[in-house]
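Written out below as structure tokens is the structure these notes cover.
Numbers restart at 1 for each chain; the letters A, B, ... are given by sequence-line order, proteins then strands. Please read all numbers here as calculations on a predicted model, not as lab measurements.
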Number of protein chains: 2
Amino acid sequence: MKNEGDTPRAVTMRDVAQAAGVSVSTVSHVVNNTGARIGRDARERVRRAIEELGYRPNAMAKNLVKGGSRFLGLVADAIASTPFAGQIIHGAQDEAWQHGYVLLVANTEGNEEAEASAISMMLEHKVRGILYSTWYHRAVDLPAGLAEADTVLVNCYSTNGAVPAVVPDESAGGHDATRMLLAEGHRRIAFLNTRTPSPARDGRLDGYRRALDAAGLPFDPDLVVDVQPDQGGGYAAVDQVLAMRATAVFCHNDRVAMGLYDGVRDRGLRVPDDLSVVGFDNQEVIAAHLRPALSTVALPHYELGRRGVRVLLGLDVPEAGTGPLAVDCPSVPRHSITRPSES
Amino acid sequence: MKNEGDTPRAVTMRDVAQAAGVSVSTVSHVVNNTGARIGRDARERVRRAIEELGYRPNAMAKNLVKGGSRFLGLVADAIASTPFAGQIIHGAQDEAWQHGYVLLVANTEGNEEAEASAISMMLEHKVRGILYSTWYHRAVDLPAGLAEADTVLVNCYSTNGAVPAVVPDESAGGHDATRMLLAEGHRRIAFLNTRTPSPARDGRLDGYRRALDAAGLPFDPDLVVDVQPDQGGGYAAVDQVLAMRATAVFCHNDRVAMGLYDGVRDRGLRVPDDLSVVGFDNQEVIAAHLRPALSTVALPHYELGRRGVRVLLGLDVPEAGTGPLAVDCPSVPRHSITRPSES
DNA sequence: CTGAAAGCGCTAACAA
DNA sequence: TTGTTAGCGCTTTCAG
């Protein structure tokens, strides 16, 4: 921590120039080693001066003259509530960094006013673009201010499809989850879906059906039951699952799976011997640490953040009219799946 | 998303002045409604021009002339790995915002190079100060660059105590956790501490002892056992706990408690009827959703972030020479504690 | 009440 | 190879 008495006015390029006995433009050139090749001698003197004075270029001045900043805005509706938002930030941050951009992060916790002020603050800093992200996949209405900047939606999309978006591929995820079960030989696979209407609900169901279909299995509506998408929901559904004589269950998310584990155990049964289970989300704290560790499908938050900045910077160009860019949800096999017992 | 053909050069104050038929300084005055009282007429014309042209002040230009930004830097070692870092960011963000500051967030994932470049980027943007935070409470060696800015440590501290720091009050937390058990009448309370040397380990143990002491109970070293600080550690310790005939257990963290739950259940026993349990951390996904919900003590990450910016801005002034500012860890009673059964 | 003018720290022609 | 000279968009005396 510094604080050397009275405001020691930062050292500027002029100071360096003076100390090195050259002009500012010379300093500028060696600092950015721009075209003009500077003589060994001068260059060396400048370097030394910089070193001695502890000079730091002033990014704001630079941006001003360059007419545009190296900022990228990221507005998130829930940095704190879940580990998920953190992953999005992380991914965005890494990719942005790689291209010399800095992230301006704003948390709005769903508050519209905070959102508006965050956006205008970003606009005033002349951000190169804004990433607007939500912690769970859903459709959103864009705050007005966003129209003024290049925007890309992350983990959400606008209903009119007017703004580029990147979202998880729910359907492929549902397909892969189901596939994991199928691959071990399961034929009666229950699906504990959420009862909350959402892209996740529709997409995962679609994937489930496609996987069944591909395996030549009929879709049996009795096998899918809608539950509260949390531990309670999973726990409450055990009897139903057991009654339908399913040998495996695809849970809408890891929390449902966690509840299911509890219920199964309470009935003296075991995962995966008596029931194979696959989750969705790959929520570390849960999935990796349940006993047995839960096989699941990961929501690619990091990747969503990364791809978000890539399309923002024009590095990735989503096919026009193709809807949101769907990012893969990788399967994470662990130990909650085994072959169905003969019966 | 915008993009109206060829770079439509942002509207500046000059444009507004021109459109309103006044000088830039007049515009500046109405925008910031500074001293000089501007005539109704002029003020109105300016307002209209601003509106029509969609003028946005350029924060970078403003900062340049004002000689100092409204940025606060936050470097975190693990945004993604845990929900915790998110909370710190959130708290910092809220407080910063309140005082007109914007957060520049950098994730370093422990990488020294990333750290150095993050810090110098912040320095170049002339941040008002830097918050250096870690996801778990520990001592740190400060990266060199930090010396150039006002710094405060969040959830960590420098061994030499030269830099202001704000950390959780582990000892008080340990005390309160134990107190919750004591309050229900428990006298034989086991403590499953971590085996990793850390402020958390020492502090919580200290709190445990103080609580026992205050209750007139002797400290029995046989009651404290060091375990791996995760599910596995808790699970592995059940037999030991049972053997010592403890009626309650204070777990170093919620994950240990989670493992303990599993083990207890495997032995056909129940929480809290056969064993009361209290955790530490209040990791939502775990604590709130275990069955029964886990009583625990919360790590005040949000508050740490908040207080961090407060001391950075000089709003809170830690007593000199008093060491890090210790932030309270609130108890979160849920349902894993009951009176010990008569025996 | 309002405007002219001098910079903030830096880059980028253009000269020399 | 190096220096001169304009600004970037804005704030801020200081005069009118």
Nearest-angstrom distance from the residue atom CG of A/Asn58 to P of C/dC10: 6 Å

Check: A/Thr26/A/Ser23 side-chain N/O donor and acceptor closer than 3.5 Å: yes

Euclidean distance, atom CE of residue A/Met60 to atom C1' of D/dT11 [Å, nearest integer]: 14 Å

Touch class at under 4.0 angstrom, heavy-atom based, for A/Val31 against every strand present: nothing

Touch class at under 4.0 angstrom, heavy-atom based, for A/Val22 against every strand present: sugar-phosphate

DNA chain C: 5'-proximal contact among B/Ser23 and A/Pro57 (nearest heavy atom): B/Ser23

Whole angstrom value for the distance that separates P of C/dT11 from CG of B/Leu64: 11 Å

Side-chain N or O of A/Asn32 closer than 4.0 Å to phosphate OP1/OP2 of C/dT11: yes

Sugar-phosphate, base or nothing in reach of A/Gly39, heavy atoms under 4.0 Å: sugar-phosphate

B/Asn33 CG to D/dT12 C1', straight-line distance once rounded to whole Å: 16 Å

Residue-phosphate contact under 4.0 Å: B/Lys66 side-chain N/O, D/dT11 OP1/OP2: no

Between D/dC10 (P) and B/Arg70 (CZ): distance, integer Å: 18 Å

A/Asn160 atom CG: more than 12 heavy-atom contacts under 6.0 Å: yes

Touch class at under 4.0 angstrom, heavy-atom based, for B/Thr12 against every strand present: sugar-phosphate

Contact under 4.0 Å: A/Ser25 side-chain N or O vs D/dT2 OP1/OP2: no

Spacing of B/His125 atom NE2 relative to C/dC10 atom P, expressed in whole Å: 13 Å

Gap between atoms NE2 and P, on B/His29 and D/dT12 respectively (whole Å): 8 Å

Side-chain N,O (B/Lys62) to OP1/OP2 (D/dC10) below 4.0 Å: no

d(CZ, B/Arg56; C1', D/dC10) in whole Å: 17 Å

side-chain N/O A/Thr26 vs D/dG3 OP1/OP2, d < 4.0 Å: yes

A/Asp41 atom CG: more than 12 heavy-atom contacts under 6.0 Å: yes

Heavy atoms from other residues, nucleotides or ligands near OH of B/Tyr101 exceed 12 (cutoff 6.0 Å): yes

Whether over 12 other heavy atoms sit under 6.0 Å from B/Gln18 CD: no

